[in-house]
2 protein chains.
Amino acid sequence: MTNIPAVKNNSWFVDLSTAQQELIFEHSTLLQFKKDETIIKQGFMADRILYLEEGMAKLSVEDRQRSTVFKIIANDTFIGLMCSFVKRNFDFSAIAIQASTVRLIDRSIFEQMIRENGKFAVHIVQLMSLMTNKIVHDLVNLSHKNVDGAVCTVLTELASIFKSNTFLMPFSRVELANTVGYSKESVIGCLTSLQKEKIIKASGKKIEILDMNRLQVIAKNG
Amino acid sequence: MTNIPAVKNNSWFVDLSTAQQELIFEHSTLLQFKKDETIIKQGFMADRILYLEEGMAKLSVEDRQRSTVFKIIANDTFIGLMCSFVKRNFDFSAIAIQASTVRLIDRSIFEQMIRENGKFAVHIVQLMSLMTNKIVHDLVNLSHKNVDGAVCTVLTELASIFKSNTFLMPFSRVELANTVGYSKESVIGCLTSLQKEKIIKASGKKIEILDMNRLQVIAKNG
DNA sequence: TAAAAAAAGTGTAATATTGCATTTTTCATT
DNA sequence: AATGAAAAATGCAATATTACACTTTTTTTA
């Protein structure tokens, strides 16, 4: 019998029967990624469903000129659901921003589970609903802000993702610029002035939020 | 026996059995909306799944200050799937931009279909995948463009949605401005200069694209 | 650990965008 | 058809953002 990890209550597979869980685990592989390793490269064939068991990753859309992070995900999240159900290729990239464990699940088995197990299917639809909703609201939200507002919004989000006011930014300055849709100079300038105002402390990738209140005010009002 | 409309090949319910189709149609209502009527108001209770059978609608996120259209949908599309599966309330608004026919489907019956019919479930997951993917790419894409690029991008998209180089804009100038994330003055200025360059002809909501090539070039290169 | 390369940071001139005041046009209503 | 209200359009000064050229710092690699 396959070695099935202890089922956490909130996991995606609670709705599966023991036999189905076994089947999934038989047809899945566990991979380890180091910080900054590429989990998915946009354009690659999408024949697996990916589930981030441990760690964190950033999802980005790539084009000829730049890479734009549109979402940071933490453990217990599907990485590939967004497109691997239809597209032959991944439409975005995923890069580990912490050491991560990813389960690769055979797409046809996963589909079979959706077909066989209605409760599981409903659960998956709900997860997709939630994710889409959040992404749309976040992106629309960012699009109405000036540099300062956008950068501060991202910083507050990062603090909440990392559950700490001190964290390592998973972005280069250029990536941060692409994510908020402004030039790197503007973004760097904003970080510098936030620092002068003693709202944050930034040395390299390490960010420390000193005054969360003021940060949130700027995030809201530009 | 319930009156079931002739099943189109590409419809969302082809995977349902005749009995299931009957059930769905018994537990659903057909509503007519005139142009500019509100189909969904953000914040209302989401106890139905909405399917746009005929017509067109714009989906928007509302906040205190503005309404931002993030997607235009045409006939044979689910309107509410994106959030009505989890949230108690709709997280966005939908307004008919043409006379439209909407089928309201009981949420619990719809969920039951997903549970009972695996093929249907997979189909729904695929639809959601596609939609999310398209929205994310479109929004990210817009966020890197200047006013001209963004406005031209939206205009080319509208032409493709309406399948014609002449169409009625489903936006006020202010809404268009919110959608692209720029001020109304900038957007109006852009439309004016596009007109001076004889790339479009705009009188009120009526837009005529005179030079699609140049429009696309601006859409791409700002 | 030194050298090279990449990323981060800076000041400033050029450019793009906004916000305001005001006018014109459009649209609905009587 | 006249009237009023809302939307659209305009020009311009104020502001925000970019792009450039350059320096400094950090990271990588030999």
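Below, chains carry the letters A, B, ... as their sequence lines are ordered, and counting in each starts from 1. Predicted, not measured: the structure shown is a model, and the values here were computed from it.
Take B/Glu197 and apply the salt bridge (Lys or Arg N to Asp or Glu O under 4.0 Å) test, not counting sequence neighbours, and it matches B/Arg214. Partners of A/Ser108 according to the side-chain contact (heavy atoms from CB on, under 4.5 Å) rule, which considers only residues two or more places apart in sequence or in another chain, are A/Asp106. Residues that satisfy the side-chain contact (heavy atoms from CB on, under 4.5 Å) test with B/Lys206, not counting sequence neighbours, are B/Thr166, B/Leu168, B/Ser203. Residues that satisfy the salt bridge (Lys or Arg N to Asp or Glu O under 4.0 Å) test with B/Asp91, not counting sequence neighbours, are B/Lys87. Judged as a side-chain contact (heavy atoms from CB on, under 4.5 Å), and not counting sequence neighbours, the contacts of B/Ser129 are A/Phe85, A/Val86, A/Met128.
Taking the six-membered ring where the residue is Trp, the centroids of B/Phe78 and B/Phe110 are separated by under 6.0 Å.
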Show me the side-chain donor-acceptor pairs of residues 149-158 of chain A shorter than 3.5 Å, one per line, residues at least two apart or across chains.
unit_1	atom_1	unit_2	atom_2	d
A/Thr153	OG1	A/Gly149	O	2.7
A/Thr153	OG1	A/Ala219	O	3.4
A/Thr156	OG1	A/Cys152	O	3.3
A/Thr156	OG1	A/Thr153	O	2.7

Going by atom type alone, with no hydrogens or angles, which donor-acceptor pairs under 3.5 Å involve a side-chain atom of residues 30-38 of chain A and a protein atom two or more places apart or on another chain?
unit_1	atom_1	unit_2	atom_2	d
A/Gln32	OE1	A/Thr101	OG1	3.2
A/Glu37	OE1	A/Lys34	N	2.5

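Side-chain atoms of B/Val125 and A/Val125, non-hydrogen and from C-beta on, do get closer than 4.5 Å to each other.
The ring pair (Phe, Tyr, Trp, His ring centres under 6.0 Å) pairs that include a residue from residues 137-162 of chain A are A/Phe162-A/Phe167, where partners are two or more places apart or lie in different chains.
Taking all atoms of both residues into account, the shortest heavy-atom contact from B/Leu52 to B/Ala57 is CD2-N, 4.1 Å.
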Write down the protein N/O and nucleotide N/O pairs, taken from nucleotides 14-22 of chain C, whose separation is under 3.5 Å; answer none if there are no such pairs.
unit_1	atom_1	unit_2	atom_2	d
C/dT17	OP1	B/Val147	N	3.3
C/dT18	OP1	B/Ser183	N	3.3
C/dT18	OP2	B/Ser183	N	3.0
C/dT18	OP2	B/Ser183	OG	2.9
C/dT18	OP2	B/Ser186	OG	2.5
C/dC20	N4	B/Glu185	OE2	3.1

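Taking the six-membered ring for Trp and thresholds of 30 and 60 degrees, A/Trp12 and A/Tyr51 have ring planes inclined between 30 and 60 degrees apart.
A 4.0 Å heavy-atom criterion places the boundary nucleotides of DNA chain D facing chain A at D/dT17 to D/dC20, written 5' to 3'.
End-to-end axis angle of the helix from C/dT1-D/dA30 to C/dT30-D/dA1, from C1' rotation axes over five pairs per end: 60° (rounded to 10 degrees).
Residues from residues 191-208 of chain A lying near DNA chain D, meaning a heavy-atom separation below 4.0 Å, are absent.
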